[in-house]
Amino acid sequence: MERKKYDYLIVGSGLFGCVFAQQTKLLNRTCLIIDKRPHLGGNIYCKEMDGINVHLYGAHIFHTDKKEIWDYVNQFVTFNNYINSPLAYYKGKIYNLPFNMNTFHALWGVNTPQEAKAKIEEQRGEFANIDPVNLEEQALKLCGRDIYEILIKGYTEKQWGRDAKDLPPFIIRRIPMRFTYNNNYFDDPFQGIPIGGYNKLIDNLLDGIETITETNYFDNKEYFDSICNKVLFTGRIDEFFNYKFGELEYRSLRFEHQHLDMQDYQGNAVVNYNEKEVPYTRIIEHKHFEFGSQPSTIITKEYPDSFSEGKEPYYPINDSRNKTILEKYKKEAEQSQKYIFGGRLGQYAYYDMDDIVYQALQLAKKESEEK
Ligand code: FAD
Ligand code: UDP
């Protein structure tokens, strides 16, 4: 192969691009990362405001059940012992999440796992034995009518901008349900927030890597393709192929950040607002992720939003229409020797950060085995 300036051009400095870049360096290969945003880090980037790391693109809590992924990220940053225990606000009452004995006690006054299980059985009714085909059926099967009506339906329908009957079941299986008084949102054994913030993780991953920001690959694609042997693309796969098989759908978000002259606004990092009538889905109070004691606080209201050009494509919508289109793009992608697709947008998948790290490491391994 003709020798080019870089072995890899990496489009996108999100976690996927950064982990892959770090690995190429270990293999003595050269790479350049470009990003269209004015900063590195993709959606895990944080901006410091009043001494608080503000998660500009949505709150991020690192969690994993894979020891090797935990060990990998711990080479670059130390994590604090933050445990995510969000609350749900509905019509003046606060409930604990995920669905656990504290939630069941607040809903029905039950005190023991036996009482809670009997109540859930009664609530599930005829849905207990169905094979769910949509999110509503899946939720009714898992938790029954009250939890669905109070804690799931309103939140879900405003989050996704569509009826719960028109959403895939897997989305709701992200939330655990357990019969203990344990408010840890995740079942994973490893969890935390990087001490010093996510930017430190990004900076350490990119130590010694060449990067350019405020540069859109598509503005100069021919040039960028000419300086590298391979391109790792972590932007939108449908955009890459110029939408030839149709546009994939995304859900966007709008964030409203507010500085408040008080030490503590809500006593918790995350409070969900589960009524459909409240226009935002959650309020994040960033200082609580790092146990901050600053005199003031920053809160962010997260408003679900439709996606259109110019907005951020935060969530893929993995329904059957989009899956069919995606398959066509994937097939096309597999034909290429030059272009590789990775990350939440490149793969059009609802991946958490640990999935992203895992997949980027796998890709680097596969690449290292190729001549
Ligand atoms: P991204 O971070 O999206 O990076 C892609 C980058 O590519 C961007 O910087 C973009 O600017 C750049 N780019 C795109 N197109 C071009 C182009 N044409 N030219 C140049 N650059 C381009 N995961 C968790 O594990 N825990 C959580 O608590 C959590 N919370 C989340 C909350 C929200 C609101 C969202 C949306 C996601 C959350 N995630 C969470 C998931 C997490 O954000 C992702 O797993 C991870 O950040 C994806 O990394 P990535 O590199 O694939 O993509
Ligand atoms: N969800 C809900 N009620 C809640 C929190 C979440 O119904 O209080 C549903 C909603 O459909 C959401 C999904 O569960 O999209 C996954 O929740 P998660 O907290 O994992 O969402 P993310 O942080 O990825 O936005």
Side-chain angles (χ1 to χ4, degrees), residues 9-20 33-45 55-64 84 86-90 95 97-99 103 135 138-139 143 147-148 150-160 164 167-168 170-176 185-186 188 191 193 198 202 212-221 224 232-237 239-240 250-253 255 269-274 281-282 284 289 300 302 304 312-316 341-347 349-357 359-360:
L9 172 82
I10 301 175
V11 181
S13 65
L15 192 56
F16 196 100
C18 293
V19 169
F20 187 80
I33 296 200
I34 61 169
D35 203 295
K36 61 184 179 184
R37 294 185 188 169
H39 59 73
L40 303 166
N43 286 348
I44 66 174
Y45 170 77
H55 299 219
L56 275 198
Y57 301 95
H60 280 77
I61 300 109
F62 197 95
H63 57 97
T64 188
N84 197 32
L87 299 168
Y89 175 95
Y90 183 87
Y95 298 89
L97 292 173
F99 312 129
T103 331
L135 193 151
Q138 177 69 81
C143 347
I147 292 182
Y148 176 64
I150 295 171
L151 297 173
I152 297 175
K153 187 174 163 54
Y155 185 103
T156 294
E157 292 189 345
K158 64 183 169 179
Q159 165 74 358
W160 295 98
L167 287 164
F170 83 89
I171 294 178
I172 203 65
R173 291 198 293 264
R174 286 173 59 87
I175 311 183
Y185 199 57
F186 303 113
D188 294 337
Q191 181 174 176
I193 301 281
Y198 283 95
I202 294 297
I212 312 178
T213 51
E214 292 183 276
T215 300
N216 191 324
Y217 170 65
F218 296 117
D219 290 344
N220 225 338
K221 182 172 182 304
F224 283 120
L232 165 63
F233 183 78
T234 72
R236 292 166 53 194
I237 188 167
E239 186 181 15
F240 183 91
Y250 301 87
R251 189 71 175 150
S252 194
L253 297 169
F255 297 103
V270 184
V271 180
N272 290 359
Y273 284 78
N274 296 48
T281 46
R282 41 193 175 191
I284 307 299
F289 287 124
T300 300
E302 191 171 315
E312 290 295 340
Y314 284 106
Y315 294 96
F341 296 82
R344 232 190 201 203
L345 300 173
Q347 298 275 337
Y350 195 162
Y351 289 140
D352 282 329
M353 288 181 280
D354 61 328
D355 304 318
I356 291 287
V357 172
Q359 298 222 356

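When a ligand or atom number is given, it counts from 1 through the structure's own listing order. Just so it is clear, the model here is predicted, and its values are computed rather than measured.
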Centroid separation under 6.0 Å, is that true for the rings of Tyr314 and Phe255?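 They qualify: ring centres under 6.0 Å apart.
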Consider every N or O of [X] and every N or O of ligand 1, then say whether any pair is closer than 3.5 Å.
X: Tyr217; answer: yes
X: Arg344; answer: yes
X: Gly343; answer: no
X: Arg236; answer: no
X: Met353; answer: yes
X: Arg282; answer: no
X: Tyr315; answer: no
X: Phe218; answer: no

How many angstroms lie between atom [atom1] of [X] and atom [atom2] of [Y], to the nearest 0.5 angstrom?
X: Asn274; Y: Thr156; atom1: CG; atom2: OG1; value: 8.5 Å
X: Asp352; Y: Arg174; atom1: CG; atom2: CZ; value: 4.5 Å
X: Phe99; Y: Leu151; atom1: CZ; atom2: CG; value: 5.5 Å
X: Ser13; Y: Ile212; atom1: OG; atom2: CD1; value: 11.5 Å

By side chain to side chain contact (heavy atoms under 4.5 Å, CB included) - contacts of [X] (at least two apart):
X: Ile150; result: Tyr90, Tyr95, Leu107
X: Lys36; result: Asn216
X: Asn84; result: Ile61, Tyr82, Pro86, Tyr185, Phe186, Gln191, Val270

Please check this pair: side chain of Glu312 against backbone of Ser252, looking for a donor-acceptor N/O pair closer than 3.5 Å.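 Absent.
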Without swapping roles, check the side chain of Thr234 against the backbone of Val11 for a donor-acceptor pair under 3.5 Å.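 The answer is yes, because a donor-acceptor pair under 3.5 Å joins these two groups.
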By the definition ring-ring contact (aromatic ring centres under 6.0 Å, His included), identify the one residue from Phe16, Phe20, Phe218 that meets it with Phe233.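 Testing each of Phe16, Phe20, Phe218 against Phe233, the sole residue satisfying ring-ring contact (aromatic ring centres under 6.0 Å, His included) is Phe218.
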Option among Tyr57, Trp160, Tyr351, Tyr250 that satisfies the ring-ring contact (aromatic ring centres under 6.0 Å, His included) test with Tyr315: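 So, applying the ring-ring contact (aromatic ring centres under 6.0 Å, His included) to Tyr315 and each of Tyr57, Trp160, Tyr351, Tyr250, only Trp160 qualifies.
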Measuring from [atom], which candidate in [options] has the nearest non-hydrogen atom?
atom: atom 26 (N) of ligand 1; options: Asp219, Asn216, Val357, Ile61; result: Ile61
atom: atom 30 (N) of ligand 1; options: Ala59, Pro38, Pro304; result: Ala59
atom: atom 49 (O) of ligand 1; options: Leu15, Ile212, Asp188; result: Leu15
atom: atom 4 (O) of ligand 1; options: Ser13, Pro316, Gly14, Ser252; result: Gly14

Check ligand 1 against [X] and write out every atom of the ligand that is under 4.0 Å from a heavy-atom position of the residue.
X: Ile356; result: 45 (O), 48 (C), 52 (O)
X: Gly235; result: 14 (C), 15 (N)
X: Gly12; result: 6 (C), 7 (O), 12 (C)

Under 4.0 Å from ligand 2 - residues by heavy atom, chain and number: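 For ligand 2, the contacting residues are Leu97, Leu151, Ile152, Tyr155, Thr156, Gln159, Trp160, Ile171, Ile172, Arg174, Ile175, Tyr185, Asn272, Asn274, Arg282, Tyr315, Tyr350.
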Answer with yes or no whether Tyr351 contacts ligand 1, where contact means a heavy atom under 4.0 Å from a ligand atom.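 Under 4.0 Å: yes for Tyr351.
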Tell me whether ligand 1 is touched by Asn84 - counting only heavy atoms on the residue side and a distance under 4.0 Å.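 No, Asn84 has no heavy atom closer than 4.0 Å to ligand 1.
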Determine the interplanar angle of the His60 and His55 rings, folded into 0 to 90°, and report it as parallel if under 30°, tilted if 30 to 60°, perpendicular if over 60°.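 The rings of His60 and His55 lie parallel, inter-plane angle below 30°.
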Hey, is atom 53 (O) of ligand 1 under 4.0 Å from any protein heavy atom?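 So far as the 4.0 Å threshold goes, atom 53 (O) of ligand 1 is out of reach of every protein heavy atom.
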For ligand 1, does Ile44 get within less than 4.0 Å through its side chain, its backbone, both, or neither, judged by non-hydrogen atoms?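 It is the side chain that touches ligand 1; the backbone stays farther off.
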